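Owing to the predicted nature of the structure, the values given are computational and were not obtained by experimental measurement. Both counts, for ligands and for their atoms, begin at 1 and track the order of listing.
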Amino acid sequence: MFNVVKGTHDVIKEEAKKYSYIEEVMTNIAVIYGYQEFRTPVIESSDLFTRSVGDSSDIVRKEMYTFEDKGGRNITLRPEMTAGIIRSMVNAKLFAIQDYPVKAFYCGPNFRYERPQQGRYRQFNQFGIECTGVTTVERDVEVIALGYTMLKYLNFGKVKLLINTLGDEQSRENYKTALKEYFGKHIENMCSDCQERYKLNILRILDCKDPADRPIIDGAPKIQDYLTDAAKERFEKVKEYLTKLEIPFEVDQELVRGLDYYTGVVFEFHYTSQNGNNYGAIGAGGHYGNLIKEIGGPDLEGVGFAFGIERLAKVMEDDNLFPNLDNTTDIFIMPMGDKARDFAVGLAFQLRKAFYSCEVCYEQKGMGQMFKKAERRNSKLAFIIGDDEILNETVTVKKLDTKEQVSVKLDDLDDFLGKYFNSESEHHHHECECCEGDDCECKHDHEEGHCCHHHDGCCKKA
Ligand code: ATP
Ligand code: MG
């Protein structure tokens, strides 16, 4: 027996469908916002990350999967995707024509040697975006609005959006000096990681996840008090715009994010499910000032975020936010005997060519067992084919919901299926009844009206 490697997990069947659904919804919104897909390699030169993600981040210090390949290259499995995306933009000279912004969305696995726990894996999937060649605060807000909109379309009602600013360079220098003075008095009583962060990048201490350090961190000076006027004004603008767009947010002065490249606004989306589960931030991002230059591009800024698909799927499962994603089979063919099986080969081929999903029971089974198989596949129709049907050029069609049975001539089959599945689909896209009242129990976002049109599975009453 072989098991998955510690910290990794298989995503199969229904779960894979959920992941695809999340990615599809996010892709659709990203395209509406003008983004194009980028697919970059999973392996990159290690120095791409040491330079961009930063030597002081936990990711670079202890979480990277790094190895030397047979040609002696120092390779790392990407721990995040921003660096690779920017590298690809630089390599493809996308900044050369100076038609900004350059907008990328991406999706795929990342690798971090973390302690595995709920919502924390060693291989996990992200969906993210990068908007580069930007300086204006309007872009920052547009990107936050994009993330928020994605969550709305995934049926999230309330999400908690936390924002903070790391200010401009001058603000950060002022702030770091203040932190040095404060933590200098406490550092001996803090975790060994923080002692290292104290030396490497003191801002990092604010991101410490050790609860024992919390009281000390809570008493630290706050960035707001060290912002330059320009940085303060910019952050005020972010808040004004978010308010104008009716995107609720909270300012969290301890939010610094786990990567070194952020400057300006940073943000995280959080969600606690009905039963109290919170697997950590479901998505996070921010504005970066020096990253593109670090990676060999021009002196341009960017803003982006990434969502964790595992964490999203988990809270969405907890709160029943997924639409009905059950597999259904339009037609389940039940051949009785050799001649019928022979006939079924061609029939199934034709039906699939006409885009009906269908399955054939080639295994020799009794009727009862075949109906069980049809049921397990959520089949709509069963085609029963025996010697009589072949002789008469008909199929016996059983509607599996009403149990009604009819004989259909092969020549009329196209027509029959066309009519049956058309009226089926009307029936299918009925309005979700749960949207009628405000006090209904489904956790879908009625106000925005996202519930009805694409999810026929969301209502409990149907
Ligand atoms: P955290 O503070 O939870 O460690 P992070 O700061 O490391 O998150 P980012 O690097 O910004 O997070 O990644 C963006 C998103 O990717 C996170 O909000 C989270 O949803 C997801 N994510 C990060 N690390 C993991 C992991 N080990 N397993 C699953 N999802 C993860
Ligand atoms: Mg982390």
Quiz item: What residues form a side-chain contact (heavy atoms from CB on, under 4.5 Å) with T50, not counting sequence neighbours?
Solution: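 T50 satisfies side-chain contact (heavy atoms from CB on, under 4.5 Å) with D47, D55, V60, M64 once adjacent residues are dropped.
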
Taking only non-hydrogen atoms of [X], do any sit less than 4.0 angstrom from ligand 1?
X	result
A281	yes
E310	no
E80	no

Per-atom contacts, ligand 1 versus [X] - under 4.0 Å to a heavy atom:
X	value
R257	5 (P), 6 (O), 9 (P), 11 (O), 12 (O)
G283	18 (O)
A306	14 (C), 15 (C)
Y121	26 (C), 27 (N), 28 (N), 29 (C)
E114	24 (N), 25 (C), 26 (C), 27 (N)
I282	18 (O), 20 (O)

Residues 291-309 side chain polar contacts: donor-acceptor under 3.5 Å, at least two apart:
residue : atom : partner : partner atom : Å
E301    : OE1  : H287    : NE2          : 2.5

Practice problem: Please confirm whether F105 and F38 have ring centers closer than 6.0 angstrom. | Solution: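 No, they do not, as the ring centres are separated by 6.0 Å or more.
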
Quiz item: Centres of the Y106 and F127 rings: under 6.0 Å?
Solution: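 No: the rings miss the under 6.0 Å criterion.
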
Quiz item: Heavy-atom distance under 4.5 Å between the side chains of K380 and F332, does that happen here?
Solution: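 K380 vs F332: side chains apart.
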
Quiz prompt | F67 vs T76 side-chain heavy atoms within contact, under 4.5 Å | solution =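 They are not in contact (no side-chain heavy atoms under 4.5 Å apart), so the answer is no.
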
Quiz item: Is NZ or CZ of R122 both nearer than 6.0 Å to the six-membered ring centre of Y113 and within 45° of the ring axis?
Solution: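 Judged by the rule (NZ or CZ under 6.0 Å from the ring centre, within 45° of its axis), R122 counts as positioned above Y113.
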
Quiz item: Any idea which of F127, F305, Y113, F124 brings a heavy atom closest to atom 31 (C) of ligand 1?
Solution: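 Closest candidate by heavy-atom distance is F124.
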
Self-check item: Option whose closest heavy atom lies nearest to atom 16 (O) of ligand 1, chosen from E268, Q126, R122
Solution: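 It is Q126 whose heavy atom sits nearest to atom 16 (O) of ligand 1.
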
Self-check item: With L166, the side chain to side chain contact (heavy atoms under 4.5 Å, CB included) member among V266, V265, T263
Solution: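 That would be V266; it is the only one of V266, V265, T263 passing the side chain to side chain contact (heavy atoms under 4.5 Å, CB included) with L166.
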
Quiz item: With only distance considered, is Y262 within less than 3.5 Å of ligand 1 through an N or O on each side?
Solution: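 There is no such contact.
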
